[in-house]
Amino acid sequence: LDPKNVEAHDMKAERLAEMGRFDEAIAAAKPQQLGGDAPLVLQGRVAWVEAKRGNYAAAIAPMQALVAVDPTYVWGWQQLAEWYNETNHSEGYLEAASELVRLQPFHPVAFMMRGEAKIQTGDRAGGKADLREALKITPGFSHAAAVLFDAHLADLEIREARQALAVLQEHAAGPEVAVKQIQLAVKVNEPEAALRSFVEVCEGMGSSPYPLQMALNEMRDAGWEEKAVRAMRETWQGGGPFHPWVPLFWVESAEGEAA
């Protein structure tokens, strides 16, 4: 390892942090060969390592100081935006995302982040406009479409919610999209449409219980739990593919407990 190669030290610190060896990662980002005046890249990596192990207090302030020194430090603003969002600091998220839009005016992620932050801080119209801009730049940007769908659905803008859902159905099919189909069906009181999407989740593959749990909660809250429980039993016992958590959730239902 070249003692003067900043990129090599940065990469080493990143790899060590990915392995959970955080103290070693910080040491790698502070090589003695470079003296006490570490370059901005390595100072940013130290902050990133702290965030990686969940110590956001030790990550955010140093990174904020770095972008103050160099306001064009895109990677620093990206990390701050993510960290502020993860720590539910919506105003900080908006500030960082706005800087990203300034620095990357044609980047869809920047507009997605600022749109999400605007919605979190109460500017719902402005947030939706930013999310639409992200989709204009990259029409298949599913994350932006998902956030836009949630915003439109929460505001009972059904036509616009359907449009955002259509983007997800085209570019990001899967159980998470099926859950959003259920959410829309609940809003417009279409139990059969919700049931079809719930069966789609039940027949899907994957190891996480999250989509099935979300789908079941939506069906339960809408008063359609009986339909959902029957669908789980029929999917599980029907001989076709089923999500590995289907029998477990069915066993926990009233029907399963009575069987």
Side-chain angles (χ1 to χ4, degrees), residues 14 18 44-45 47-48 51-52 54 56 59-60 63-64 66-68 70-184 187 206 208 210-211 214-215 218:
E14 181 182 12
E18 294 289 357
R45 181 60 68 191
W48 178 87
K52 190 73 175 175
Y56 291 105
I60 290 175
M63 190 68 85
Q64 195 73 58
L66 292 177
V67 297
D70 182 1
T72 66
Y73 185 26
V74 172
W75 189 79
W77 285 117
Q78 289 173 337
Q79 303 314 306
L80 282 171
E82 293 176 7
W83 300 342
Y84 280 132
N85 189 33
E86 290 169 7
T87 56
N88 300 313
H89 191 315
S90 299
E91 293 293 345
Y93 184 24
L94 178 57
E95 177 194 5
S98 297
E99 290 298 324
L100 286 174
V101 172
R102 176 181 66 84
L103 294 166
Q104 299 179 308
F106 304 106
H107 200 298
V109 174
F111 279 98
M112 184 280 297
M113 284 182 160
R114 192 175 72 173
E116 187 174 47
K118 284 182 178 180
I119 289 171
Q120 291 178 8
T121 54
D123 182 7
R124 300 187 68 79
K128 293 170 191 172
D130 274 353
L131 292 166
R132 287 193 294 270
E133 184 64 25
L135 287 168
K136 181 179 177 182
I137 297 169
T138 304
F141 189 7
S142 58
H143 191 166
V147 177
L148 186 59
F149 170 83
D150 291 343
H152 282 311
L153 193 66
D155 294 341
L156 298 179
E157 297 164 348
I158 302 302
R159 181 176 65 86
E160 292 84 356
R162 289 188 189 278
Q163 292 170 346
L165 181 59
V167 175
L168 291 171
Q169 290 168 328
E170 180 179 358
H171 297 283
E176 291 79 9
V177 177
V179 170
K180 293 194 180 299
Q181 292 170 177
I182 295 171
Q183 292 170 338
L184 178 61
K187 286 289 187 184
S208 171
Y210 178 74
M214 283 287 293
E218 293 289 343

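Defined by atom type and a distance below 3.5 Å, a donor-acceptor pair is missing between the side-chain atoms of Gln120 and Tyr93.
Using a 4.5 Å cut-off on side-chain heavy atoms (C-beta onward), Tyr84 and Gln64 make contact. For the pair Val109 and Phe141, the minimum side-chain heavy-atom distance is below 4.5 Å. Put simply, the side chain of Glu99 does not reach to within 4.5 Å of the side chain of Val67, judged on heavy atoms. Between His107 and Ile137 there is no side-chain heavy-atom pair separated by less than 4.5 Å.
Lys136 contributes atom NZ, which lies 12.5 Å from atom CG of Asp130 (distance to the nearest 0.5 angstrom). In this structure, CD in Gln181 is found 11.5 Å from CD in Glu176, a value given to the nearest 0.5 Å. With rounding to the nearest 0.5 angstrom, the CZ atom of Arg132 is 8.0 Å from the CD atom of Glu160. Residue Arg114 holds its CZ atom at 10.5 Å from CG of Leu100, rounded to the nearest 0.5 Å. Within the model, atoms CD of Glu18 and NZ of Lys52 stand 4.0 Å from one another, a figure rounded to the nearest 0.5 Å. The structure places OG of Ser142 at 12.5 Å from CG of Leu148, a figure rounded to the nearest 0.5 Å.
Looking at Thr138, its side chain never comes within 3.5 Å of a backbone N or O of Leu135 through a donor-acceptor pair. In terms of modelled atom types and a separation under 3.5 Å, the side chain of Trp77 and the main chain of Val101 share no donor-acceptor contact.
For Gln78 against Met113, the heavy-atom pair with the smallest separation is O-CE, 4.5 Å. Of all heavy-atom pairs spanning Ile182 and Ala215, the tightest one is CD1-CB, 3.6 Å. In plain terms, the two heavy atoms of Leu184 and Ala161 that are nearest each other are CD1-CB, 4.5 Å. Between Ala134 and Met112, the shortest heavy-atom contact is CB-N, 3.9 Å. Contact between Asp123 and Gly126 at its shortest, heavy atoms only, is OD1-N, 2.9 Å. Taking every heavy atom of both residues into account, Arg124 and Ala151 meet most closely at NH2-O, 3.3 Å.
Residues Lys128 and Glu157 are paired through a salt bridge, judged by an N-O separation under 4.0 Å between the basic side chain and the carboxylate.
The aromatic rings of Trp75 and Tyr73 are tilted relative to each other, their planes meeting at an angle between 30° and 60°.
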query = Checking side-chain contact (heavy atoms from CB on, under 4.5 Å) for the pair Gln183/Asp150: CA distance, chi angles, key distance, verdict?
reply = CA-CA 9 Å; Gln183 292 170 338; Asp150 291 343; 4.3 Å; yes
